[in-house]
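Reminder, nothing fancy here: chain letters follow the sequence lines and each chain counts from 1.
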Number of protein chains: 2
Amino acid sequence: MAEPSPNRVGTTEKSLTILELLQQEDGAGVTEVATTLEMSKSTVHSHLSTLVDCGYVTHHDRQYHVSTKLLRLGGRLRDQSPLYQAARIEMKSLAAETDGVVHLFLKEESDATMIAQEGYYPGVRERHLGERTPLSESIVGPVMLAERERSDDGEPDDAPEEDDVSQVDDDVRDRFDRIRRRGYAVETRSGSSDRTFAGVLSRQDGTVMGALTVTVPGDSGSPLSAGDRLLEAIERVELSLTSWYDSQATFSPKHSWHVHSN
Amino acid sequence: MAEPSPNRVGTTEKSLTILELLQQEDGAGVTEVATTLEMSKSTVHSHLSTLVDCGYVTHHDRQYHVSTKLLRLGGRLRDQSPLYQAARIEMKSLAAETDGVVHLFLKEESDATMIAQEGYYPGVRERHLGERTPLSESIVGPVMLAERERSDDGEPDDAPEEDDVSQVDDDVRDRFDRIRRRGYAVETRSGSSDRTFAGVLSRQDGTVMGALTVTVPGDSGSPLSAGDRLLEAIERVELSLTSWYDSQATFSPKHSWHVHSN
DNA sequence: GAGGTCGTTCAGATATACTGAACGAATTTG
DNA sequence: CAAATTCGTTCAGTATATCTGAACGACCTC
C-alpha cells in the first residue's frame with residue numbers, strides 16, 4: 001500500500017484506496033473506513049464527500065456505497081473498443097447456436113481481461129466483468145502464447161520480452177503444437193463436465209488482440225461442433241476487425257486503438 | 001466545474017476530472033489535458049502518474065488511456081447485486097425465446113441505469129453499459145411511475161417526495177392506466193420498426209427495484225408473445241428476488257442491499 | 001541537421017489537506 | 001423511558017504536500 005512512490009502523488013491515492021475499500025466491503029461507514037485504513041475520521045469524511053460530489057459514491061442512510069458511475073465509465077471504454085464492436089454479432093450467434101456461454105477477452109500486457117459475456121446457464125463457471133487473469137492461469141493463456149509463437153516463427157519482429165516461453169519443456173511444447181494445428185484449446189474443469197473452447201483473436205499482422213471462448217455443458221449435443229463453430233466465429237471477427245482498422249488507418253492516422261505492440 | 005463546493009475537497013476532484021477527460025477523448029497526452037483543463041503540465045503529469053500507479057490509467061506510447069480497472073470495479077458492483085443475480089437466468093431465456101435484446105435497469109433515485117444486456121442483433125438501439133437516463137426520457141420511466149402510483153394507492157407509506165406526478169394531466173393518467181392494466185409498456189421508436197416491451201421489477205412491499213425490457217425487431221413473429229413472455233420473466237425474477245431478501249433478512253439483518261426506500 | 005513539440009524532472013512558494021476536539025443526532029443499554 | 005454510547009459532521013490551526021514555472025532531454029517535423 002505504502003509504495004516507495006517513485007513519482008509524486010498523494011491525496012488522490014488515498015481517495016482511490018477508500019473507493020476500493022468501499023468496493024470490497026460493499027458499503028461502509030465513516031468510522032469503519034477510518035479504523036481500517038488508519039486515518040482520521042474527518043479526513044475520511046472529506047474524501048467521501050469529494051467522491052460523492054463527483055458521483056462515484058452514494059451516501060444513503062449513513063452508508064457509503066460505490067455508485068454505477070464506475071460501470072458507466074468502464075462500459076464506454078468497452079463499447080468503444082473495436083474488438084467488442086467486431087465480436088458483438090458473432091458472440092450472440094455463437095452463444096445461440098451452441099447454447100453455451102461466450103466470453104470475450106482483451107489482451108493487456110501479460111493478462112487477459114474479460115470484457116463481454118453472452119449467454120448463461122445455471123452452474124456455469126462464473127466470470128466477472130473486467131476480471132483480469134494472468135495468461136499462465138487461464139485457458140486463454142496457452143492459446144495466446146501458442147499463437148504468439150507461431151507469429152514469431154514467421155518474423156522475429158520485436159524482442160522476446162519477459163516471458164518464460166523460451167525455456168518450456170517438451171510437454172508444454174507438444175500441447176502448443178496441438179493447439180496450433182487445431183486452432184483452439186479445450187479445457188475440462190475438474191468437478192464439472194463443462195467444456196470450454198478457447199481461440200485467439202489476432203490481427204492480420206499477427207498481433208494478438210484477445211481471445212474468444214465458448215463454454216458448453218457436458219451433456220450438450222455434438223462435442224466437436226462447438227469448436228468448429230468457434231473457429232468460424234473467430235474468422236468472421238478477425239475479418240471485421242481488420243477491415244475496421246483499415247478504414248481507420250486510411251481515414252485518420254492519429255492514434256491506433258490500443259496497439260500495445262511493445 | 002468550479003462548484004461552490006460546500007464540503008472540503010480539492011486534489012481528488014482534479015484527478016477524477018482528468019480521468020473523465022481521458023474517458024471522453026478516449027486517450028490523450030499531457031499537454032492536451034493541460035490545455036483543456038487549464039492546468040500546468042507538471043500538475044497534470046503528477047496526477048496522471050498517480051492514476052497509472054493506482055491502475056486506473058495506462059501509459060503506452062506517450063498516450064494515456066483509462067484502463068479496464070473501472071470496468072472491473074463496476075462489474076463487481078453489478079455481479080454482487082441481487083437484482084442482477086435474480087434476473088440473469090431469465091434474461092438469457094427471455095432473449096433466446098423472443099430472439100430479441102433484453103436490458104436490465106436498476107432504479108437509482110429518479111434515474112434508470114442499464115446494468116446488463118443479453119442478446120443482440122444488428123441495428124438494434126444501442127444502450128451503453130451503465131447508461132443512466134432520467135425516468136422522464138426513457139420508456140422505463142412511465143412504467144416505473146405507473147407502478148409507483150399503484151403502490152401508493154395501497155398505502156400512503158412515505159411522503160410523496162419531489163416528483164411532479166401529482167399534477168399530471170388526464171392524457172398521461174390514461175396511459176398509466178393502460179400500463180397498469182397490462183403490466184408492461186410498449187414503445188415503437190420513430191425511424192425503426194423495433195418494438196420495446198418494458199416492465200417493472202418490484203419487491204413484495206411495492207418498492208421498485210428496476211425494470212426489465214425486451215426489444216424485438218419489427219418483422220419478428222407474433223407481436224404479443226414478447227409482452228406475455230416478459231411478464232412471465234418478471235414474475236420469476238421477482239420471486240427469486242424476494243426469496244433472496246428473505247434469506248438475507250433472517251440471516252444477517254446488517255445492511256440491506258441498496259434499499260433506497262427514502 | 002535545425003526548429004519545434006512533447007514529456008519529464010526539479011526546487012521553491014503557496015495553498016490546502018490532515019489532525020484533534022467538540023457538537024448534535026441517532027441508536028442501544030440499563 | 002432515560003442514560004450512555006456510538007456515529008457522523010463541523011470547525012479552526014498547523015504542517016504538509018500540491019501547484020507553479022522554468023529547464024532539460026527525447027522525439028518528430030520541416
Side-chain angles (χ1 to χ4, degrees), chain A residues 1-19 21-22 25 27-54 56-65 249 252-256 259-262, chain B residues 1-19 21-22 25 27-54 57-66 158 252-256 259-262:
Chain A
M1 303 301 171
E3 302 249 334
S5 70
N7 308 333
R8 317 165 205 172
V9 288
T11 306
T12 303
E13 219 166 3
K14 296 179 185 174
S15 290
L16 295 178
T17 305
I18 293 175
L19 187 74
L21 181 69
L22 289 183
E25 304 288 340
V30 175
T31 53
E32 187 178 343
V33 174
T35 54
T36 305
L37 300 180
E38 300 183 63
M39 298 165 60
S40 180
K41 283 198 299 181
S42 51
T43 303
V44 174
H45 180 69
S46 302
H47 283 265
L48 285 174
S49 300
T50 307
L51 292 172
V52 170
D53 286 349
C54 293
Y56 291 82
V57 167
T58 58
H59 176 41
H60 293 292
D61 185 50
R62 183 176 304 186
Q63 283 277 319
Y64 289 88
H65 293 269
S252 64
K254 295 176 68 177
H255 66 289
S256 53
V259 185
H260 304 160
S261 49
N262 297 34
Chain B
M1 305 302 173
E3 301 247 334
S5 70
N7 308 333
R8 315 166 206 170
V9 289
T11 306
T12 303
E13 219 165 4
K14 296 179 185 174
S15 291
L16 295 178
T17 305
I18 293 176
L19 187 74
L21 181 68
L22 288 184
E25 305 287 340
V30 176
T31 54
E32 186 178 345
V33 175
T35 54
T36 306
L37 300 179
E38 300 184 59
M39 297 166 60
S40 179
K41 282 197 300 180
S42 52
T43 304
V44 174
H45 180 68
S46 303
H47 282 266
L48 285 175
S49 299
T50 307
L51 292 172
V52 169
D53 286 349
C54 293
V57 167
T58 58
H59 175 42
H60 293 290
D61 186 50
R62 184 178 300 187
Q63 283 277 321
Y64 289 89
H65 293 269
V66 298
D158 277 307
S252 64
K254 294 176 66 176
H255 67 286
S256 53
V259 185
H260 302 160
S261 49
N262 295 34

Student check: side-chain heavy atoms of B/Leu19 and B/Leu51 closer than 4.5 Å: yes
Is any side-chain heavy atom of A/Val44 closer than 4.5 Å to one of A/Leu37? no
Measure from CD1 on A/Ile18 to P on D/dG8 and round the result to the nearest Å. 13 Å
Give the rounded distance in Å between these two atoms: CD of B/Gln63 and P of C/dG7. 8 Å
On the nucleotide C/dT8, are OP1 or OP2 found under 4.0 Å from the side-chain N or O atoms that B/Tyr64 carries? yes
Once you round it to whole Å, what is the distance between P of D/dC7 and CG of A/Leu48? 15 Å
Are the side chains of A/Thr11 and A/His47 in contact, using a 4.5 Å heavy-atom criterion? yes
How many angstroms lie between atom OG1 of A/Thr17 and atom CG of A/Leu21, to the nearest 0.5 angstrom? 9.0 Å
For residues A/Val30 and A/Tyr64, determine if any side-chain heavy atom of one lies less than 4.5 Å from a side-chain heavy atom of the other. yes
In whole Å, I'd like the distance from the NE2 atom of A/His45 to the P atom of D/dT9. 5 Å
Is there a side-chain contact between B/His59 and the phosphate of C/dT8, meaning an N or O under 4.0 Å from OP1 or OP2? yes
Rounded to whole Å, please give me the gap between CD in A/Glu13 and P in D/dT16. 18 Å
Whole angstroms only, please: what is the CD-P distance between B/Glu32 and C/dC6? 9 Å
Please enumerate all residues that pass side-chain contact (heavy atoms from CB on, under 4.5 Å) together with B/Thr31, with sequence neighbours excluded. B/Lys41
Can you build the contact string for nucleotides 18-28 of chain D? Use B for base contact, S for sugar-phosphate-only contact, and - for no protein heavy atom under 4.0 Å. SSBB-----S-
